[in-house]
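Structure, as structure tokens:
Within every chain, numbering begins at 1; the chains are lettered A, B, ... in the order of the sequence lines, protein sequences first and strands thereafter. Bear in mind the structure is a predicted one, so any value in this text is a computation, not a measurement.
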2 protein chains.
Amino acid sequence: MNIGEIARRAGVSRSTVSYALSGKRPVAEDTRRRIQQVVDELGYRPSASARALANGRTSTFGLVFPPAGNHYTGMQLDFIGSVVEAAAAYDYDVLMSPSGVDSDRSFQRLLGERRVDGAILMEIRLEDDRVDHLAALDFPSVAIGRTAHPEGGWWVGLDHTALAAACVHHLADLGHRRVAFVNRPEQLLRAGYESAHRGLDGFTKAAAERGLTVRTYCCGDDAASGQACLERILYDDPSTTALVTLNEAALGGLYRGLAKAGRHVPRDFSVTGVVAGRWAETVTPQLTAADVPAAELGRLAVELLVERLDHPDAPPRHHLLTPPISLRASTGPAGAMPAALAADAGPDATP
Amino acid sequence: MNIGEIARRAGVSRSTVSYALSGKRPVAEDTRRRIQQVVDELGYRPSASARALANGRTSTFGLVFPPAGNHYTGMQLDFIGSVVEAAAAYDYDVLMSPSGVDSDRSFQRLLGERRVDGAILMEIRLEDDRVDHLAALDFPSVAIGRTAHPEGGWWVGLDHTALAAACVHHLADLGHRRVAFVNRPEQLLRAGYESAHRGLDGFTKAAAERGLTVRTYCCGDDAASGQACLERILYDDPSTTALVTLNEAALGGLYRGLAKAGRHVPRDFSVTGVVAGRWAETVTPQLTAADVPAAELGRLAVELLVERLDHPDAPPRHHLLTPPISLRASTGPAGAMPAALAADAGPDATP
DNA sequence: TAGCTTCGCCGAACCGGTTCGATGAAGCAC
DNA sequence: GTGCTTCATCGAACCGGTTCGGCGAAGCTA
């Protein structure tokens with residue numbers, strides 16, 4: 001069922017069918033109706049490949065996402081879903097491109113073979129060769145996250161510095177003096193992941209400002225690592241009374257570690273951080289946290305990309321979001337726990 | 001940089017370049033080298049659209065996934081990731097297609113506009129018009145899940161009936177007599193979601209077999225609903241000592257409800273179900289559950305689809321998996337809790 | 001050296017759309 | 001009735017690959 005078939009049945013030329021369907025030139029009303037009728041009868045739809053070949057646009061975005069090796073977090077899933085849905089609203093499809101191992105090959109597929117009109121990048125690093133590469137090619141793309149030098153780029157992102165600082169201030173306001181920071185895995189920090197770095201910076205600076213005593217940790221993206229990390233925290237400084245985490249996946253393990261160490265949240269120990277809202281509500285007590293607006297970020301990324309495609313010469317735009325901390329149940333005033341008990345409660349303590 | 005440019009620079013015809021690159025006809029070795037050199041110098045890659053138009057294959061799969069309206073579970077994310085990675089290994093890209101609202105439109109995009117060579121469907125219903133539709137068209141596709149009449153179809157899936165039954169037997173073996181079942185939301189059950197129906201069936205039949213007293217509940221896909229559901233369970237029958245759940249997203253809420261009701265897991269109350277392994281390990285105590293092998297299912301689905309595309313006349317194949325229950329820490333022998341306490345512990349009980 | 005095969009390459013057609021310039025008919029003024 | 005514009009439609013070229021038939025040169029046989 002190609003356009004020639006429709007043309008023959010409607011008794012017109014192929015170009016007339018094309019114009020009737022696209023509306024790019026006027027077509028007599030009764031001709032248009034006749035064509036439309038044939039189209040409806042046969043259920044004709046123009047081939048995406050042929051259309052893409054002819055007009056050079058694929059109506060497809062690439063979504064470059066991290067490989068499964070790093071465990072996915074709820075946040076990432078929400079990104080994917082919201083990007084796909086927002087793109088559909090603008091009549092774009094989304095092609096998934098695993099970055100990571102052999103990322104060159106999948107980049108080549110997307111760009112070299114011209115499969116997509118634009119790309120959205122997840123999991124940005126401070127120095128990100130993918131971003132640089134795309135910028136050098138002037139290829140339309142939007143990053144979810146910002147590099148060390150975001151000027152002149154198109155991106156949406158969270159102000160991780162401010163969010164981590166907000167967590168610190170919240171805890172300091174509650175009277176906490178000894179606070180731990182649980183970051184993403186060391187491997188990701190070393191690789192330069194933006195959230196890990198900016199979060200750490202924001203935490204460190206705000207803590208210094210408030211005169212807090214802090215320790216910072218990297219922690220694997222799973223519950224077992226979270227538990228181990230918490231044991232380490234209490235071992236290193238048993239008088240720690242609060243922690244800030246960026247690590248969604250470790251959260252369950254952190255809670256478990258606290259329970260094992262006999263620390264009640266929030267009475268003896270406060271927990272907060274930057275976590276997707278839905279996730280924050282699954283733990284008990286529910287986590288007081290800066291909720292990552294993943295769905296909004298995905299939507300904004302798509303909007304920027306669409307704008308960039310529609311107006312190739314538009315000046316770069318970006319959105320930096322700073323969601324407020326949602327007060328839930330995992331933080332409370334410090335000092336409820338007597339210092340004596342704090343000294344006892346090492347990593348080997350039992351309830 | 002099209003194939004004509006390469007041909008000119010290498011001093012050969014376009015067809016020779018094509019044959020040199022595809023290897024579908026022999027080309028003199030030095031000619032081939034000359035062409036390859038030009039290709040490498042210019043970084044030439046053939047246009048995916050043109051290739052797709054010419055040979056009728058897009059090298060792309062569609063992945064039809066549920067809309068974000070239903071909250072995503074960890075399982076679904078793992079599916080997506082593993083499908084994308086497995087597809088990449090076979091040199092296929094993956095195009096995301098939100099099913100759900102206006103699913104016809106996105107189906108039309110995939111099939112009508114011939115964007116994909118085949119499709120993988122998630123979230124299957126017992127009576128699934130998408131599956132029927134694809135089968136009627138003889139369009140290459142593989143379902144993750146099976147309908148009420150899976151004969152003659154291509155699919156991979158879990159034996160939810162057996163898994164739910166295994167949970168029941170596990171609890172019955174531990175001496176539990178009054179057991180609740182926490183299903184996916186009623187809306188999904190009514191829509192005919194496979195896992196919800198088969199899980200419920202397996203639970204009900206196995207419970208009857210073992211002579212257990214049971215109640216079954218539907219529960220929203222979020223923590224708050226889980227907590228409410230648990231309160232309801234204990235209100236309806238305070239002497240309930242165990243539950244089986246298919247609802248990953250509600251799990252955190254169920255645990256919270258138990259804690260609020262003063263029921264210690266696993267001493268006073270056992271919890272088990274069918275949940276992705278990583279998720280089961282985030283809760284405390286870790287959940288004894290039949291681990292959903294999401295990554296393996298995704299990989300198998302891709303393998304079947306590739307086979308179906310390579311051998312269009314191959315007889316239908318499928319994989320039905322029945323992962324064993326992983327014993328963790330959330331189930332224990334019944335009867336540890338005195339009946340008197342059980343009677344006291346209504347939904348309003350406080351620790 | 002004529003005749004036949006094999007090898008390596010070329011030209012043209014094709015996939016299914018879009019787009020531009022041209023053409024013919026109708027409508028209108030004079 | 002001629003000249004001019006407007007309108008609707010058509011034909012052809014083009015996008016960038018793939019594929020088929022054919023053709024000339026080289027190699028081999030007799």
| query | Once you round it to whole Å, what is the distance between P of D/dT18 and CG of B/L21? | reply | 8 Å
| Under 4.0 Å between a side-chain N or O of B/S13 and OP1 or OP2 of C/dC10? | yes
| Which of these nucleotides, D/dT18, C/dC9, D/dG16, is closest to any side-chain atom of B/S47? | D/dG16
| field | Pairwise distance CD1(B/I144) to CG(B/L63) - rounded to 0.5 angstrom | value | 7.0 Å
| said: Taking any heavy-atom pair under 4.0 Å as a contact, classify B/S15: base, sugar-phosphate, or nothing. | reply: base
| message | Within the 4.0 Å heavy-atom criterion, would you say A/R114 contacts the bases, only the backbone, or no part of the nucleic acid? | response | sugar-phosphate
| Phosphate OP1/OP2 of D/dT19 contacted by B/K24 side-chain N/O (<4.0 Å) | yes
| said: Under a plain distance cut-off of 3.5 Å, with no hydrogens placed, do A/S13 and A/T16 share a side-chain donor-acceptor pair? | reply: yes
| request: Rounded to the nearest 0.5 Å, what's the gap from CG on B/N2 to CZ on B/R14? Could you check? | output: 8.0 Å
| query | Is A/R25 side chain donor-acceptor paired with the D/dT9 base, going by distance under 3.5 Å alone? | reply | yes
| The side chain of A/N2 lies closest to which of these nucleotides: C/dG17, D/dT18, C/dC10? | C/dG17
| request: Figure out the CG/C1' separation between B/L53 and D/dT18, and round it to whole Å. | output: 10 Å
| Rounded to the nearest Å, what distance is computed from the CG atom of residue A/D30 to the P atom of nucleotide D/dT9? | 7 Å
| request: Calculate the interatomic distance between B/R51 atom CZ and D/dC15 atom P; express it in whole Å. | output: 19 Å
| task | Return the value, rounded to whole Å, for the distance between atom CZ of B/R57 and atom C1' of D/dG17. | result | 15 Å
| field | Closest listed nucleotide, where the reference is the side chain of B/N55 and the choices are C/dC10, C/dT18, D/dT19 | value | D/dT19
| field | Nearest-Å distance for atom pair CD/P, residues B/E5 and D/dG17 | value | 11 Å
| note | When every non-hydrogen atom of B/D117 is compared with those of B/L309, the smallest separation belongs to O-CD2, 3.4 Å
| message | Counting only side-chain heavy atoms from C-beta out, which of D/dT9, C/dG16, D/dA8 sits nearest to A/T31? | response | D/dT9
| Nearest listed nucleotide, side chain of B/Y19, among D/dT19, C/dC20, D/dA8 | D/dT19
| query | Rounding to a whole Å, what distance do you find between B/R8:CZ and D/dG16:C1'? | reply | 13 Å
| said: Salt bridge or not between B/R146 and B/E194? Use side-chain N to carboxylate O under 4.0 Å. | reply: yes
| message | Which nucleotide wins on minimum distance to the side chain of A/R14, given the candidates D/dT19, D/dA13, D/dG16? | response | D/dA13
